[in-house]
Amino acid sequence: ETGVTQSPTHLIKTRGQQVTLRCSSQSGHNTVSWYQQALGQGPQFIFQYYREEENGRGNFPPRFSGLQFPNYSSELNVNALELDDSALYLCASTKGVGNTIYFGEGSWLTVV
Amino acid sequence: GIQVEQSPPDLILQEGANSTLRCNFSDSVNNLQWFHQNPWGQLINLFYIPSGTKQNGRLSATTVATERYSLLYISSSQTTDSGVYFCAVGSGGSNYKLTFGKGTLLTVNP
């Protein structure tokens, strides 16, 4: 039990559609990151939010965007879905930087 | 960016055996974590260990930061230890951004 919950757990979308994935972090965890994990690979950093502002981004296009809310919840939005966006999307939270990071169970996204 | 290499890529053990997983990284780090991913995708943090040695039950880890490697030891393995083990590192001002290795797939047979 990591205290990080994600929804939905599985979803199927059509190419070109938009998707919103949600994450609820532990109370007091003011830093949330999102990762994309393709099959057979390690997770790749998408971006991080600290106190509701993006403060770091990986090598992902602008159609990947996010929000963080004061109640320690956050969203990952992906527009204009492509087949290669099919992956496990993981949310992770921590109290500040340089500390233990806790991951949610992930959202499995399939784009057809 | 920083590179992370894990070895071996696959490991098959009999229950009760011991194992050592290795993580090499290409630059100095100030954040290193080991994770276990179960078959359902859940990543569980095992150790936050940018340097030194830690132990938790049958698991222990050692990071030698000056030589840029970390080791994860699993003793008396159990079938529930099966899954993928990831090493992830963060460095410099970007220690929030974890770079993951490709993982070691561990299978423990009864």
Side-chain angles (χ1 to χ4, degrees), chain A residues 1-10 21 23 26 29-51 53-60 68 86-110, chain B residues 1-7 9-10 21 23-25 28-52 54 56 59 61 63 65 70 72 83-106:
Chain A
E1 181 60 50
T2 64
V4 181
T5 57
Q6 293 186 241
S7 63
T9 53
H10 295 81
L21 307 178
C23 173
Q26 291 187 36
H29 280 202
N30 52 16
T31 303
V32 65
S33 306
W34 286 89
Y35 289 78
Q36 180 196 66
Q37 186 177 16
L39 208 59
Q41 302 296 317
Q44 285 199 305
F45 175 77
I46 302 174
F47 47 57
Q48 174 169 288
Y49 280 78
Y50 174 68
R51 293 184 175 176
E53 295 209 2
E54 184 181 305
N55 76 336
R57 191 176 186 92
N59 190 24
F60 282 81
Q68 185 185 23
S86 296
L88 175 65
Y89 288 85
L90 295 161
C91 168
S93 75
T94 186
K95 206 169 189 177
V97 295
N99 294 314
T100 300
I101 292 179
Y102 299 92
F103 280 84
E105 293 185 356
S107 294
W108 292 91
L109 171 65
T110 301
Chain B
I2 194 166
Q3 305 296 314
V4 181
E5 291 186 3
Q6 291 186 244
S7 59
D10 301 276
L21 282 56
C23 171
N24 292 331
F25 41 94
S28 58
V29 301
N30 50 19
N31 187 343
L32 188 147
Q33 307 197 26
W34 282 96
F35 295 91
H36 175 223
Q37 188 168 43
N38 65 26
W40 298 272
Q42 173 84 68
L43 272 170
I44 301 296
N45 185 285
L46 300 175
F47 294 103
Y48 170 74
I49 187 165
S51 63
K54 289 187 178 179
N56 184 3
L59 302 181
T63 297
S70 182
L72 177 68
V84 183
Y85 289 80
F86 287 105
C87 167
V89 303
S91 63
S94 303
N95 68 350
Y96 55 78
K97 171 189 172 183
L98 288 182
T99 300
F100 282 74
K102 291 187 175 181
T104 292
L105 174 59
L106 175 65

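A, B, ... follow the sequence lines: proteins, then strands. Residue 1 opens every chain.
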**Student:** Considering only heavy atoms from C-beta outward, does the side chain of A:Y102 approach that of B:L43 to under 4.5 Å?
**Tutor:**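 No, every pair of side-chain atoms sits at 4.5 Å or beyond.
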
**Student:** Measure distances from B:Q37 to the heavy atoms of chain A and classify the residue's part below 4.5 Å as side chain, backbone, both or neither.
**Tutor:**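 Contact with chain A is through the side chain of B:Q37 alone.
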
**Student:** Are B:F100 and A:F45 close enough that some pair of their side-chain heavy atoms sits under 4.5 Å apart?
**Tutor:**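 The answer is no, as the side chains (C-beta and beyond) never meet within the 4.5 Å cut-off.
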
**Student:** Among all residues two or more places apart in sequence or in another chain, which pass the ring-ring contact (aromatic ring centres under 6.0 Å, His included) test with A:Y49?
**Tutor:**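 Scan of A:Y49 (ring-ring contact (aromatic ring centres under 6.0 Å, His included), adjacent residues dropped) gives A:F47.
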
**Student:** With a 4.5 angstrom heavy-atom cut-off, could you sort out which part of A:Q37 is near chain B: side chain, backbone, both or neither?
**Tutor:** side chain

**Student:** Mind listing the closest non-hydrogen atom pair of B:G41 and A:W108 along with its distance?
**Tutor:**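 Result for this residue pair: CA-CZ2, 4.4 Å.
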
**Student:** Just wondering, are more than 12 heavy atoms of other shown residues or ligands nearer than 6.0 Å to CD in A:Q44?
**Tutor:** no

**Student:** With a 6.0 Å cut-off (strictly less than), is the heavy-atom count around CD of A:E105, excluding the residue itself, greater than 12?
**Tutor:** no

**Student:** Who pairs with B:K102 by side chain to side chain contact (heavy atoms under 4.5 Å, CB included), at least two apart in sequence or on another chain?
**Tutor:** A:Q41

**Student:** Please classify the contact of B:F35 with chain A as side chain, backbone, both or neither, using a heavy-atom distance under 4.5 Å.
**Tutor:** side chain

**Student:** Side chain, backbone, both or neither: which part of B:I44 has a heavy atom under 4.5 Å from chain A?
**Tutor:**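 Just its side chain gets close to chain A.
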
**Student:** For A:E54, does the CD atom have more than 12 heavy-atom neighbours from other residues, nucleotides or ligands under 6.0 Å away?
**Tutor:** yes

**Student:** Nearest 0.5 Å please: distance from the CD1 atom of A:I101 over to the CG atom of B:N31.
**Tutor:** 5.5 Å

